[in-house]
There are 2 protein chains.
Amino acid sequence: MQIKEAATHLKLSARILRHYEQAGLLTPSRDANGYRSYSPADLRKASRIRDMIATGFSTREVLTMAPCLTDEGAGACDAGLADLKHKLAQIDRLIFDLQTRRRATLDRIESFESTLSYRSNEREDPGYDTPDHPAVSDRLSGRK
Amino acid sequence: MQIKEAATHLKLSARILRHYEQAGLLTPSRDANGYRSYSPADLRKASRIRDMIATGFSTREVLTMAPCLTDEGAGACDAGLADLKHKLAQIDRLIFDLQTRRRATLDRIESFESTLSYRSNEREDPGYDTPDHPAVSDRLSGRK
DNA sequence: TAGCGCATTGACACTAATGTCAATGTCAAG
DNA sequence: CTTGACATTGACATTAGTGTCAATGCGCTA
């Protein structure tokens, strides 16, 4: 599949796909005429990369874990057991990080929703300057 | 509280705090000498802003939901809520995906180890399912 | 064969997020 | 009063992510 079709499928620009490739994140094969050829696996990997970027990771960060983003998991299985374990640790860190963000996001959504619900019978400003939800902000500021 | 202390507390630079302010996200009061004075509420809001930025939102996006980020949470939070939920979905996708791949990697490590020496059993992971992952791939490739 | 659409590379541009530096003001302590 | 830490604003630099344009090649189809 050529770049435009791939881009359309992924809902991102061809420019971005080339950018990912230039950053070493993605390596679609080339066919005879030199055109990039995206396999379904490439598409899936690109999708993951896109998600990583959209979630605030830099291409550099994504690059360090790029092998883990392939379908096969820790890609270079032939590279040795030590490598595999190292990559596994990377994946674990990544998941931990994402879960932290996920929890923060969930908390924020919850606080939004509760705010909305008690705002529905708004009448007058309560006016307290006391911490509204200290637990949330504490947890947020303390982690990263 | 002056900017440096606030920055230290939040674990970000004073530059960033001024940047947030310039972007209209944060409006600490000023005292007589013109120095910014950060209230506890300002700190909490800054913390939320920092999390939003770190999760891939731009200051512009954050600006549209800035009112929702205050302790009082006044204003039209609906748009922000939708954005957050979208981001959460992305994160959930990634985590799910990575976890599947993590399990596959664990399995591969285990089989590698048992091939090398039938004596190694240092892992504690309960037997998961699906060493392969067609469902995941399908879901991802079909996704927006 | 001409034309159209898509591909390639490379250059330039713009914005956002940050860092850093400069020139200068404020203030507390020695 | 001088010094040192911290504040202010503003300018400039850097890096990342993207867009866009130019020059050129490939391939299908009228």
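Chain letters run A, B, ... following the sequence lines, proteins first, then strands; residues in each count from 1.
Atom CG in B/L12 sits about 9 Å away from atom P in C/dG19, given to the nearest Å. Rounded to an integer number of Å, the gap from CD1 of B/I53 to P of C/dT15 is 17 Å. Distance, A/L17 CG to D/dG19 C1': 14 Å, rounded to whole Å. The separation between B/E21 atom CD and D/dA7 atom P is 13 Å, rounded to whole Å. For the pair A/E61 CD and D/dG17 C1', the interatomic distance rounds to 14 Å; values are reported in whole Å. Nucleotide C/dA17 holds its P atom 18 Å from the CZ atom of A/F57, rounded to whole Å. With rounding to whole Å, B/L63 atom CG is found 11 Å from C/dA16 atom P. In this structure, B/M52 places its CE atom 17 Å from P of C/dA16, rounding to the nearest Å.
Within 3.5 Å, no donor on the side chain of A/Y20 pairs with an acceptor on the base of D/dG17, nor the reverse. Residue A/Y35 places no side-chain atom within donor-acceptor reach of the base of D/dG27, judged by atom type and a 3.5 Å distance cut-off alone.
Considering only side-chain N and O atoms, B/Q2 lies nowhere under 4.0 angstrom from the phosphate OP1 or OP2 of D/dC6. The side chain of A/N33 places no N or O atom within less than 4.0 Å of a non-bridging phosphate oxygen (OP1 or OP2) of D/dG25. Look at A/H19 and you won't find any side-chain N or O under 4.0 angstrom from OP1 or OP2 of D/dT18. The side chain of B/R36 contributes no N or O atom lying less than 4.0 Å from OP1 or OP2 of D/dA7. A sub-4.0 Å separation between OP1 or OP2 of D/dG17 and a side-chain N or O of A/S58 is absent.
When each of D/dA11, D/dA16, C/dA7 is scored by its nearest atom to the side-chain atoms of A/I3, the top-ranked nucleotide is C/dA7. Closest to the side chain of A/K4, out of C/dA7, C/dC27, D/dA7, is C/dA7. The side chain of A/T59 approaches D/dA16 more closely than any other nucleotide in the set D/dT9, D/dC26, D/dA16. Of the candidates C/dT26, C/dT20, D/dC26, C/dT20 carries the atom nearest the B/R15 side chain, counting heavy atoms from C-beta on. Nearest nucleotide to the side chain of B/I16, out of D/dC26, D/dT8, C/dT18: C/dT18.
Residues B/L10 and B/Y35 fall into different hydrophobic clusters, defined by Ile, Leu, Val, Met, Phe, Trp and Tyr side chains chained together at heavy-atom separations under 4.5 Å.
Nearest-nucleotide mapping onto DNA chain C: of A/R30 and B/A32, the residue sitting toward the 5' end is A/R30.
Taking 4.0 Å as the cut-off between side-chain N and carboxylate O, B/R30 and B/E21 count as a salt-bridged pair.
For the residue pair B/D97 / B/T100, no side-chain donor-acceptor distance below 3.5 Å is found, with atom types taken as modelled.
Nearest approach of B/H9 to B/L43, heavy atoms of both residues: CD2-CD1, 4.0 Å.
Annotation: the span from A/M1 atom CE to A/T8 atom OG1 amounts to 9.5 Å, rounded to 0.5 Å.
Across all strands shown, A/R60 has heavy atoms under 4.0 Å from sugar-phosphate atoms exclusively, and none from any base.
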